[in-house]
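Remember, predicted model here, so these are calculated numbers, not experimental data. Order of the sequence lines sets the chain letters (A, B, ...), proteins ahead of strands, with each chain counted from 1.
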Amino acid sequence: ESACLITKTDTNPFFVKMKQGAEAKAAELGIELKSYAGRIDGDHESQVSAIEACIADGAKGIMITASDTAAIVDSVAAARDAGLLVIALDTPLDPIDAADATFATDNFRAGELIGQWARATLGDEAENARIAMLDLAISQPSVGVLRDQGFLQGFGIDIADPAKWGDETDPRIIGHDVTSGNEEGGLKAMESLLAKDPEINLVYTINEPAAAGAYEALKAVGRENDVLIVSIDGGCPGVANVKDGVIGATSQQYPLDMAALGVEAIAAFAKDGTKPTMTEGKDFVDTGVALVTDKPAEGLESIDSAKGTELCWG
Amino acid sequence: MDQKGIGMTQEPILKARGLVKRYGKVTALDRCDFDLMPGEILAVIGDNGAGKSSLIKALSGAVQPDAGEITLEGRRAQFASPLDARAQGIECVYQTLAMSPALSIADNMFMGRELRKPGIMGRWFRQLDRPAMEQFARDKLSELGLMTIQNINQAVETLSGGQRQGVAVARAAAFGSKVVILDEPTAALGVKESRRVLELIKDVRARGIPIILISHNMPHVFEVADRIHIHRLGRRLCVIRPDEYSMSDAVAFMTGAKLPDGVEEAA
Amino acid sequence: MDQKGIGMTQEPILKARGLVKRYGKVTALDRCDFDLMPGEILAVIGDNGAGKSSLIKALSGAVQPDAGEITLEGRRAQFASPLDARAQGIECVYQTLAMSPALSIADNMFMGRELRKPGIMGRWFRQLDRPAMEQFARDKLSELGLMTIQNINQAVETLSGGQRQGVAVARAAAFGSKVVILDEPTAALGVKESRRVLELIKDVRARGIPIILISHNMPHVFEVADRIHIHRLGRRLCVIRPDEYSMSDAVAFMTGAKLPDGVEEAA
Amino acid sequence: MSSETRTDGNFEAGLSGASQKVAVFEERKGGLKRLQEWLHMTPSAVPMIVLLVAVAVFGLLSPNFFKAITISTILQQIAIVGILGCAQSLVILTAGIDLSVGAIAVFSSVLMGQITFRYGVPAPASILLGLGLGTLMGAANGWLVARVKLPPFIVTLGTWQIILAANYIFSANETIRSSAIAENAPALQFWGNSIEPGGVKVLYAVFLLIALVAILAYVLRHTAWGRHVYAVGDDPDAAELAGVRTGRVLIQVYALAGLFCAVAGWVMIGRFGSVSPSASTGQMGNIQAITAVVIGGISLFGGRGSIVGMFFGAMIVGVFEMGLKMVGTDPQWTFFLIGLLIILAVAVDQWIRKASA
Amino acid sequence: MSSETRTDGNFEAGLSGASQKVAVFEERKGGLKRLQEWLHMTPSAVPMIVLLVAVAVFGLLSPNFFKAITISTILQQIAIVGILGCAQSLVILTAGIDLSVGAIAVFSSVLMGQITFRYGVPAPASILLGLGLGTLMGAANGWLVARVKLPPFIVTLGTWQIILAANYIFSANETIRSSAIAENAPALQFWGNSIEPGGVKVLYAVFLLIALVAILAYVLRHTAWGRHVYAVGDDPDAAELAGVRTGRVLIQVYALAGLFCAVAGWVMIGRFGSVSPSASTGQMGNIQAITAVVIGGISLFGGRGSIVGMFFGAMIVGVFEMGLKMVGTDPQWTFFLIGLLIILAVAVDQWIRKASA
Ligand SMILES: Nc1ncnc2c1ncn2[C@@H]1O[C@H](COP(=O)(O)OP(=O)(O)OP(=O)(O)O)[C@@H](O)[C@H]1O
Ligand SMILES: Nc1ncnc2c1ncn2[C@@H]1O[C@H](COP(=O)(O)OP(=O)(O)OP(=O)(O)O)[C@@H](O)[C@H]1O
Ligand SMILES: [Mg+2]
Ligand SMILES: [Mg+2]
């Protein structure tokens with residue numbers, strides 16, 4: 001019995017943890033797990049060839065976090081035709097029923113949570129906020145767009161085309177820059193945006209490494225204490241940064257759960273062909289998202305960093 | 001000596017006036033004049049660095065002079081590239097030979113004027129007529145006695161220096177229609193091969209095509225040249241006839257040991 | 001003719017036996033022998049492509065022969081690179097000149113044996129002594145009469161072909177301590193400059209250093225050589241003394257028109 | 001002068017009766033030597049051998065490797081890289097390099113898709129438009145290289161960024177879905193069709209690649225233009241002096257490369273079904289194509305190598321990637337091993353060449 | 001022979017009394033001509049001028065551009081690219097190319113961090129270890145290029161993948177957080193310290209870059225080794241025949257490049273605070289460094305150019321990126337314009353050189 005795990009990249013800790021979760025579960029259930037990944041964010045072609053390799057290799061099922069949710073549908077259909085169970089992890093496919101099942105968090109929702117938190121925390125100042133948007137890549141892969149637009153929506157900014165960031169006209173947005181989702185990119189982007197407007201007081205970051213980089217840039221100009229940084233992911237270093245006050249709030253996701261559930265589903269399918277059932281009332285299995293912050297805002301459900309540390313993934 | 005008098009009964013086929021070419025600080029051509037008469041072999045001699053190669057590069061379109069004008073058969077000529085000059089029938093063997101080392105002898109000989117197969121293959125599929133090209137190359141090389149070349153499809157980089165030079169000379173002689181220019185064609189050649197090249201030069205003249213020959217080999221120059229252009233310090237010092245002056249005189253003129261009658265040292 | 005008899009009273013300073021060098025299908029050296037006596041000028045002549053350059057490349061470490069052995073001063077020598085040969089005092093001017101075009105004349109002359117400033121700058125900061133190197137280069141070029149070079153810091157690529165060759169010869173003559181090898185040193189040189197090179201060759205011999213001279217210029221060869229190694233089809237055909245044979249004979253031998261006494265055509 | 005007495009004016013008299021014989025040397029014998037010589041004469045055979053060895057090794061390591069589906073998967077995976085490799089080979093033969101190949105391919109595919117769907121142009125027309133625009137982008141590269149005389153590396157580094165950015169901006173990050181294309185503009189997906197002789201599914205794209213390689217091999221070997229491409233890469237000054245219009249050849253080469261990239265873009269639609277501006281070919285295509293070219297034995301310094309070698313080079317990379325995936329190494333180990341194998345493949349190639357010299 | 005009668009055996013008699021005069025030509029006059037000549041003699045001045053123009057233009061377009069923070073931000077952003085550029089320049093001067101510079105830098109920084117934190121080695125010792133290992137990686141590149149005689153592009157393409165993969169595998173994708181380093185191993189963050197003369201904050205890293213450029217400029221210009229580097233890049237065969245140990249020089253150059261990359265890795269820790277295996281330098285560092293080198297006027301064919309030019313090249317890219325962001329274009333347009341400006345900068349450079357020739 002073998003199963004495939006295809007992630008967007010294997011350099012982002014989020015996917016690394018997802019893989020570890022899947023491997024642990026697979027070992028427990030006696031399934032051979034082969035993992036594949038794109039080389040860069042948005043690498044669609046590598047995922048296509050990974051699916052092809054899985055089919056050729058006679059795997060029982062595929063778990064995939066799709067880079068291009070619409071484009072991958074053809075390949076997924078080919079895999080299902082070949083008798084494989086296909087499970088979308090983390091990101092639903094477009095349309096969502098292209099996969100047999102989806103274990104995902106809602107990235108848009110994750111963004112919305114930190115947007116709402118930032119708005120509540122700033123209070124009346126929200127009208128005069130000066131926001132830096134630290135995004136993923138200029139190719140605008142869908143996670144980056146969903147999180148970005150979710151944040152803006154949550155903060156109460158008109159997002160224009162929800163499939164694209166950068167087309168907003170709200171003057172509170174100082175600028176967008178890209179970070180590749182790592183510290184280096186976060187630092188450089190923050191530096192550039194600070195040079196453009198030194199008065200920035202709210203920073204959205206695509207993930208926690210980018211947030212850590214942005215914090216270094218703020219620290220270098222002595223503004224680390226009067227700027228609010230929000231982020232998404234909920235990795236252990238990120239939660240530790242929430243605790244240290246580096247990040248104001250982050251939306252925590254649960255990749256280990258997704259992966260483990262996925263492996264179990266494939267194991268069950270391999271045994272007797274049963275397919276997983278969806279969460280009540282939704283067309284996917286929602287593995288949930290939680291707002292982690294030590295400064296809870298009124299009317300927003302959140303967990304503190306201690307709880308976040310228990311649940312964090314790496 | 002009345003320079004103007006020499007061979008001026010006819011119009012020169014190739015003429016240059018006041019050519020100037022500078023390389024950074026170096027002035028390689030310093031208001032240089034030049035005349036080539038129809039059907040003659042004109043030798044150009046001069047010290048190393050006198051500007052001989054620069055002169056013929058300007059004449060064959062390989063460099064653009066900074067000033068001065070060139071006329072071919074009485075018409076003003078502007079050669080933007082060697083191809084322009086070649087289209088007008090001026091064929092040149094450069095000192096650097098201008099060969100593509102990785103390509104074969106036949107490829108190099110026909111570079112820029114390849115033969116195509118007759119019929120559909122040639123017209124529609126533009127296929128090269130290799131057998132014909134190879135045969136032609138082999139013939140021309142045999143004429144020069146370069147039979148030690150074993151394989152006409154050998155890459156030029158595998159040839160000895162002399163063999164390479166032979167190929168370049170064969171190319172120019174085969175295709176030149178109005179003027180053939182040879183920059184030190186025998187420099188790397190052996191005794192036998194040099195002799196062949198001299199015979200070839202005479203053959204070309206016999207076909208009525210004038211030749212410019214740059215050479216440091218005085219016996220060769222005095223043997224084949226009709227007139228000798230003596231180049232010194234970037235310009236024409238004088239033109240002499242080999243039967244009126246001795247080799248010693250020519251050497252003395254070109255090295256500045258003596259001045260020809262009626263000429264004052266310019267620089 | 002008893003070849004073995006010629007000059008065999010002494011031990012050769014540089015000796016080769018049975019050298020073989022193949023390039024793909026071409027056999028450039030075909031069991032070739034070679035002897036250089038102390039203090040002599042040995043000319044090597046032969047047709048284009050006879051394998052002369054291949055021979056001296058094997059002797060100077062630039063190529064590794066496929067078979068055969070070389071002895072220097074009676075000791076077996078294995079040159080893995082030209083640097084090895086140079087360390088043993090064998091200095092060579094290759095037909096391709098071996099210059100770095102973008103570097104200056106002085107840089108090229110001292111390539112691989114640069115002078116350092118005296119004192120701390122040289123010892124600790126390893127600074128080059130440019131003034132000394134330039135002065136030396138200028139002196140050596142003046143000896144060769146290459147005074148038309150305007151600037152010793154000029155890049156070699158801006159020199160005329162002849163000037164470049166002059167620089168290479170000056171380098172070899174200045175540094176050779178045991179054997180100086182010159183592959184067609186005057187091929188691109190003018191009359192004046194060639195004369196200088198011949199004088200220089202005699203100077204070097206006067207210093208007691210033997211010289212191998214490859215040349216296609218028979219008058220030059222017969223003027224300076226003590227013995228003449230005639231190369232044909234990849235091997236030594238015979239060795240003659242210039243005072244015992246005429247140039248015609250030498251040319252006839254090397255082109256295969258005649259066979260020397262006691263030698264049978266090999267190939 | 002001291003030598004006066006020995007000089008006879010007419011030494012060339014010795015020439016009369018000079019031998020006209022061509023030197024003949026004995027041929028070497030032995031099977032190994034012959035093999036070496038053959039390898040030396042047929043440079044593209046070397047990558048072929050590396051390929052065969054790789055196939056054999058993976059066949060031993062993974063039981064599934066020799067299945068029909070594996071073979072057809074590898075073939076369809078290299079189709080795009082192979083076509084980009086054709087473009088890259090042409091450019092590299094002229095001693096250039098084209099970093100923009102992937103970007104042109106992606107942008108062309110986006111252009112074809114968007115012109116059809118956004119502006120309602122019939123698919124065949126928008127394909128033609130896309131091919132033309134791709135050619136133009138290539139020609140722009142060529143113009144900058146040949147006329148403005150900028151280094152190819154820097155030109156295509158610049159146009160790579162420009163084209164990729166234009167691609168994102170023009171497409172507004174919109175993916176055109178496979179089902180929409182299949183319904184309204186099946187011509188766009190033409191190369192995704194396949195035949196299945198004996199159960200092995202082979203995409204039209206694979207035949208296209210093979211045809212392109214064959215045509216290019218013919219053109220480079222048997223037409224004047226092909227020889228000029230080699231001459232320009234070998235020594236551009238010499239080629240110019242020898243009468244090749246080097247500038248024009250360069251522009252043609254880059255334009256043709258652009259056309260091939262646009263073809264690759266069209267094939268991408270067929271292969272992936274959808275049109276996606278964020279396809280990673282835009283980012284990675286250049287390196288993949290260069291890898292194929294170099295493993296195939298084409299010299300980065302220009303003028304040496306054959307397009308058939310490039311084809312085997314692409315195959316080698318495809319086989320390695322597939323083989324390693326099937327053996328089940330983790331992706332980072334796959335990258336690690338592919339890096340190692342790239343070096344090994346070229347080292348073996350070099351070694352064989354040396355042995356046979 | 002027909003010429004018998006005209007031949008005098010001793011024509012060299014004409015030589016006696018030959019002129020020994022050096023040709024002297026009139027000097028051209030005029031300020032513009034002098035400027036051109038000076039530009040021609042000082043190639044690194046050209047990128048400097050492009051830089052000044054760029055600064056002036058952005059100063060006019062954006063009121064914030066001339067503020068202290070902008071200048072210091074640009075300087076600190078180019079520190080790492082500049083150091084990688086030093087490594088890249090050395091390699092490119094030998095007519096090579098090093099695609100692995102960024103990967104070596106990132107892996108070295110990860111090594112320094114993990115050796116300190118995972119194995120508890122004191123920070124200074126692990127820095128030394130990291131520098132040594134970086135040098136070794138470079139030397140491995142050099143050995144493959146010089147001894148196995150593989151093309152530098154393919155060698156470093158391979159080691160780029162190998163080193164990057166090793167980096168992820170070794171680090172297990174773990175980031176070491178900034179606060180942990182500041183507490184336990186401040187030596188790792190040494191280059192992140194700064195001085196603030198007159199309000200302009202300047203990182204130690206910037207001084208390090210300037211010092212490295214100055215030292216390299218001296219070494220390349222004034223030592224035998226430096227001349228050998230140029231000779232190897234110019235014509236390796238000629239250099240070998242002229243007595244340069246080309247193989248050894250190549251290995252030294254690549255090893256030194258590896259050392260510089262490791263230094264860049266150390267600087268990265270200071271600058272970014274944390275140690276992250278997925279820093280984008282690993283993927284993009286090579287292209288950025290090559291861009292700086294080429295805009296700085298160093299020929300990709302080796303043997304020509306100066307390290308000071310590379311410094312200005314890095315500055316140009318830094319100023320463009322910053323300037324465009326300040327003028328406020330969106331990231332996709334910034335990407336687009338930087339592509340355009342790279343080409344423009346090199347075109348201007350080329351034009352000035354041509355005018356002055
Ligand atoms: N590309 C160049 N750049 C700079 N200077 C040059 C260039 N080409 C030639 N020169 C200079 O121009 C002068 C004339 O050179 P040219 O090659 O015309 O001499 P020549 O008479 O052909 O000499 P030779 O007999 O040695 O070939 C020389 O001083 C040389 O240094
Ligand atoms: N690198 C090489 N590859 C292949 N063949 C070569 C190579 N070098 C030389 N040859 C061949 O070896 C033979 C001898 O060449 P070599 O250069 O030694 O001749 P030579 O006697 O020096 O001729 P010349 O007087 O023309 O310089 C020639 O036939 C040549 O084609
Ligand atoms: Mg000349
Ligand atoms: Mg020779």
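Both tests pass for D:Arg118 against the ring of D:Phe170: distance under 6.0 Å to the centre and angle within 45° of the axis.
Of the two parts of A:Asp68, only the side chain, counted from C-beta on, holds a non-hydrogen atom closer than 4.5 Å to a non-hydrogen atom of chain D. D:Thr281 touches chain A through backbone and side chain together, each having a heavy atom under 4.5 Å away. Residue D:Phe65: no heavy atom, backbone or side chain, is found under 4.5 Å from chain A. Heavy atoms closer than 4.5 Å to chain A are found in the side chain of D:Gln77, but not in its backbone. With a 4.5 Å cut-off on non-hydrogen atoms, D:Tyr168 touches chain A through its side chain but not through its backbone. In this structure, chain D has no heavy atom under 4.5 Å from any part of A:Ser75.
Within the 3.5 Å criterion, the main-chain N or O of D:Leu99 finds a donor-acceptor partner in the side chain of D:Asn286.
Considering all non-hydrogen atoms of both residues, A:Ala56 and D:Thr70 come closest at CB-OG1, 4.1 Å.
Under 3.5 Å, the side chains of A:Asn182 and A:Ser180 contain no donor-acceptor pair of N or O atoms.
If you tally non-hydrogen atom pairs under 4.5 Å between each of A:Glu32, A:Lys34, A:Glu45, A:Lys164 and chain D, the highest count goes to A:Glu45. Interface check for chain D: of the options A:Ala70, A:Ser142, A:Ala163, the most heavy-atom pairs under 4.5 Å are formed by A:Ala70.
A salt bridge between A:Asp10 and A:Lys19 is absent, with no side-chain N of the basic residue lying under 4.0 Å from a carboxylate O of the acidic one.
Heavy-atom contacts from other residues, nucleotides or ligands closer than 6.0 Å to NZ of A:Lys60 number 12 or fewer.
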